[in-house]
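Beneath this line is the structure, given in structure tokens, with notes to follow.
Order of the sequence lines fixes the chain letters, A, B, ..., with proteins taken first and strands second; residue numbering starts at 1 for each chain. Since the model is a prediction, treat every value here as computed from it, not as a measurement. When reading the values below, keep in mind they use all heavy atoms of this one structure, side chains included, and skip hydrogens, waters and symmetry mates.
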Number of protein chains: 2
Amino acid sequence: MAQGPTITTIAERAGVSIASVSRVLNGLPTRQETVRKVMAAAEELGYVRNAVARSLKSRRTHQVAFAMADVGNPAYLAMLREIQPVLKAAGYRLVLHSTGAVVADEIDVLHSLGERYVDGMIMVPLRVTEAHLQMLGAARAPVVVIGSVPEGTPVDNVRADSRTGVRLAVDHLHALGRRRIALVNGPTDTVPGAARGAAYREALAERGLPYDEELVEIGDFYRAEGARAVAALLNRVSDVDALMCANDLIALGALDVLRAAGKRVPEDVAVVGMDDTDLAAASWPSLTSVSLGSAERGRVAAELLLDRLQDGEHEPRVVTVPPRLVVRASTTPEPPAVRDVTQAAVRDVTHAVGPADTQSRSTEGTEGTEGGGTS
Amino acid sequence: MAQGPTITTIAERAGVSIASVSRVLNGLPTRQETVRKVMAAAEELGYVRNAVARSLKSRRTHQVAFAMADVGNPAYLAMLREIQPVLKAAGYRLVLHSTGAVVADEIDVLHSLGERYVDGMIMVPLRVTEAHLQMLGAARAPVVVIGSVPEGTPVDNVRADSRTGVRLAVDHLHALGRRRIALVNGPTDTVPGAARGAAYREALAERGLPYDEELVEIGDFYRAEGARAVAALLNRVSDVDALMCANDLIALGALDVLRAAGKRVPEDVAVVGMDDTDLAAASWPSLTSVSLGSAERGRVAAELLLDRLQDGEHEPRVVTVPPRLVVRASTTPEPPAVRDVTQAAVRDVTHAVGPADTQSRSTEGTEGTEGGGTS
DNA sequence: CGAAACACCGTAAACGTTTACAGACTCTTG
DNA sequence: CAAGAGTCTGTAAACGTTTACGGTGTTTCG
């Protein structure tokens, strides 16, 4: 409460100048006797450096911002979980911006960089508009963008590869003998929706499967919407043997409907989700899912930013993180028999989980996308 | 990049003093002509206020810290999701501290309040030690603690009520006719573990059920551990008809084992989880779970802190958030028949879900506990 | 013994704001 | 027209640091 002690207070108490106090506190060469006096005074007074004054003078805040649409989104959360420790280890605090679905808010956040309350920023834009590019060009501090940004944009860039991701899934299903592979997508006017739709067509073509419009259903990236979409799909075509879902929630909705319709998963219909969220491991049957490497993208972004903060003037870097297919029960049949219940139970827990009261820290992967589009 | 413009730059450009510039920018009464000139200059130069200098002078950072053990933990995440918008609406930025399982780090974070880089802090301590209480007493900025703190501690305090929570669950199971209700707990040397163990005994007593040591199994708060514990339990006693699990992950492990053992849920064994995480709605069967109101505790904490930041000198407040039982399929039989698949599929999606690529923002409830104990 | 070299320390300026105070100007009024 | 009131603006100090610079005192060496 009481006005905390400053270096002036210490200087008086120790009978030295504020310059000496500062030098001692910063470990600059000083006579032993002075060091002792200053340390003693600081100790007694319970002195703590004022970060604000320090930042003003040094032009370094030791803070970094992470801006995304919604902390509740597992993809962003996965990034955050990786970003946080990297920054912390480097002595940076993390300022969180959850902008919501409003694109204008992202521009605001970029603009606020001018306030210089952070040394740099990691941003996951919902969409990359003209305004974004303009602000990125004029940004007053280094920015790392997670999600693709056009060549030549003067920022470090970490990308996912949903194209390859979808291909991994389709190849997997194809290898399992599935030939009527449907796509349950989200809105195609979102970045991930569009990318996944296109990738699906390509992947089919590569495998020599025909593209059948009947097999594509558009819903939204929610469980209930996914369920509706799958119900509609099943009413229309009866011989579907695999569902490629554009995210895990849609896939959960698909499982709901398939179960209700009496179809066995994966025997009758195989299901693949996308983003490899915690939900994928929790569902029954557990969900095969494509990880677009959110966690790793977060880590890489943090590292790129730290590099940039140290060095500053190298060329912008672009890193693409490869996707990964995590195979679980929704595409491969259960192991024949169950010997030991304990063993069986633990079987498909692919994720390590953390401290009390809940799970935490899945070591790798989850959702991922360039953007996040909201209808 | 280039050294951004300051009020001095503007003053020169507009031909006025820096005091006038400051006045204009802060909307203090000024001649119209001056306002025009300053605004024009600011506009042309793309001026943005320097938050650091501003904070130094005004002694307000407009930043608030949220400190907890692990962002990946759904309980903390639920809090964060509520805290963030409340603070944002009030014009505060959010600084995130994920301390990890190390108690000493929490003390460090409290100590760092002295650096004055935030105006206040919301903390969810893992445990409340003597050191905590001491630091809280001497804190240089207002702190709101989520999790019980002794009477007389000079901070605002938001509490959960896991006792009542467990009672709700036991009453529910009892009402369903279950009489052999087992407890699958986490380590009893953690705050939640201890609280839940005690509450279980009490709740049984209230219902006139005997406390049977055979029915209590201790594991850890993870899925695999939960599975092991339940397997051990089933090997020991055969007539269990309900499992009260100390968190949702344990409950998921329980479902795994019960399925493998050929027991039907809920017909043979009913299962209740705790914390009401997103996983509860995602599992199959969906999981009845006790919400300790993490989301609401977060919101309340944020509001208490804002009050404190405005007013400052009122008495510490204590708020207890009531638990809530969210009933799903793991305790109540499925509805008899499925008419409309769509309908059926959407049936137990109790949580609203958010934008693209994943779920988000469950409107209410999730885990909760006073602490978080890690083994 | 005087000067040069050196170690240590204090004075003061700077970082970019906000704000108390007083000066300058305009306007009103007797 | 002089004086007083009122309006606007500029000067300067302050917030709590860091750091360039120069001063003092001690040591070293010719």
Provide, to the nearest angstrom, the distance between the CG atom belonging to Leu56(B) and the P atom belonging to dT19(C). 13 Å
Do side-chain atoms of Thr30(B) reach the backbone of Leu28(B) as a donor and acceptor pair under 3.5 angstrom? yes
Expressed in angstrom and rounded to an integer, what is the separation of Gln32(A) atom CD from dC9(C) atom P? 10 Å
Would you indicate, yes or no, if dT26(C) has its OP1 or OP2 atom less than 4.0 angstrom from a side-chain nitrogen or oxygen of Arg31(B)? no
Run Ser98(A) and Tyr76(A) through side chain to side chain donor-acceptor pair (under 3.5 Å) and show every step you take. CA-CA 10 Å; Ser98(A) 197; Tyr76(A) 301 136; over 6 Å; no
Any side-chain N or O of Tyr47(A) below 4.0 angstrom from OP1/OP2 of dT17(D)? yes
How many angstroms lie between atom CZ of Arg81(A) and atom CD of Gln84(A), to the nearest 0.5 angstrom? 12.0 Å
Side-chain contact test, heavy atoms from C-beta onward, threshold under 4.5 Å: evaluate it for Val321(B) versus Arg159(B) and give yes or no. no
Checking Arg317(B), Arg308(B), His314(B) against Asp156(B) for side chain to side chain donor-acceptor pair (under 3.5 Å), the one that qualifies is Arg308(B)
Need to verify one output field. Residue with the more 5' nearest nucleotide on DNA chain D, Lys57(B) or Ala19(B)? Ala19(B)
Whole-Å gap separating P (dT17(D)) and CZ (Arg54(A)): 9 Å
So does Arg23(B) get a side-chain nitrogen or oxygen closer than 4.0 Å to the phosphate oxygens (OP1/OP2) of dT18(C)? no
If only atom types and distance count, is the side chain of Ser55(B) paired as donor or acceptor with the main-chain N or O of Ala51(B) below 3.5 Å? yes
Hey, does the side chain of Thr6(A) come within less than 4.0 Å of dG16(D)'s phosphate (OP1/OP2), counting only N and O? no
Taking only side-chain nitrogens and oxygens of Ser20(A), does any of them come within less than 4.0 Å of OP1 or OP2 of dG10(C)? yes
Under 4.0 Å between any heavy atoms, over every strand shown, what does Val52(A) touch: base, sugar-phosphate, or nothing? Just pick one. nothing
In Å, rounded to the nearest 0.5 Å, how long is the span from CG of Leu305(B) to CD of Gln310(B)? 10.5 Å
N/O to N/O distances under 3.5 Å, protein versus nucleotides 5-7 of chain C:
none

Between Arg59(B) and Gly15(B), just flag the one whose closest nucleotide in DNA chain D comes earlier from the 5' side. Gly15(B)
Side-chain ion pair, Arg59(A) and Asp119(A), N-O less than 4.0 Å: no
Short side-chain N/O contact to dT17(D) OP1/OP2 from Arg49(A), under 4.0 Å: no
Just the rounded figure in Å: distance from C1' of dG16(D) to CZ of Arg140(B). 14 Å
I need the CG-P distance between Asn26(B) and dG16(C), as an integer number of Å. 17 Å
Got a salt bridge between Lys37(B) and Glu12(B), using NZ or NE/NH1/NH2 to carboxylate O under 4.0 Å? no
Run Leu87(A) and Leu306(A) through side-chain contact (heavy atoms from CB on, under 4.5 Å) and show every step you take. CA-CA 8 Å; Leu87(A) 293 182; Leu306(A) 289 178; 4.0 Å; yes
In whole angstrom, give the distance that lies between atom OH of Tyr117(A) and atom P of dG16(C). 18 Å
Taking 4.0 Å as the cut-off, does a side-chain nitrogen or oxygen of Ser22(B) come that near to OP1 or OP2 on dT17(C)? no
Qualifying residues under side-chain hydrogen bond (donor to acceptor under 3.5 Å, both in side chains), relative to Gln63(B), sequence neighbours excluded: Gln63(A), Arg93(B)
So which one's nearest nucleotide on DNA chain C is more toward 5', Asn50(B) or Leu28(B)? Asn50(B)
Separation of dT18(D) P from His62(A) NE2 (nearest whole Å): 10 Å
Measure CG/Leu25(A) against P/dT17(D) and give the value in whole Å, please. 8 Å
Nearest-neighbour nucleotide for the Ile7(A) side chain, dT9(D), dT18(D), dT17(C) considered: dT18(D)
Polar atoms only, N or O, under 3.5 Å: list the protein pairs with nucleotides 26-28 of chain D and their distances.
none

Both Ile18(A) and Thr30(A) contact DNA chain C. Taking the nearest nucleotide for each, which residue is further toward the 5' end? Thr30(A)
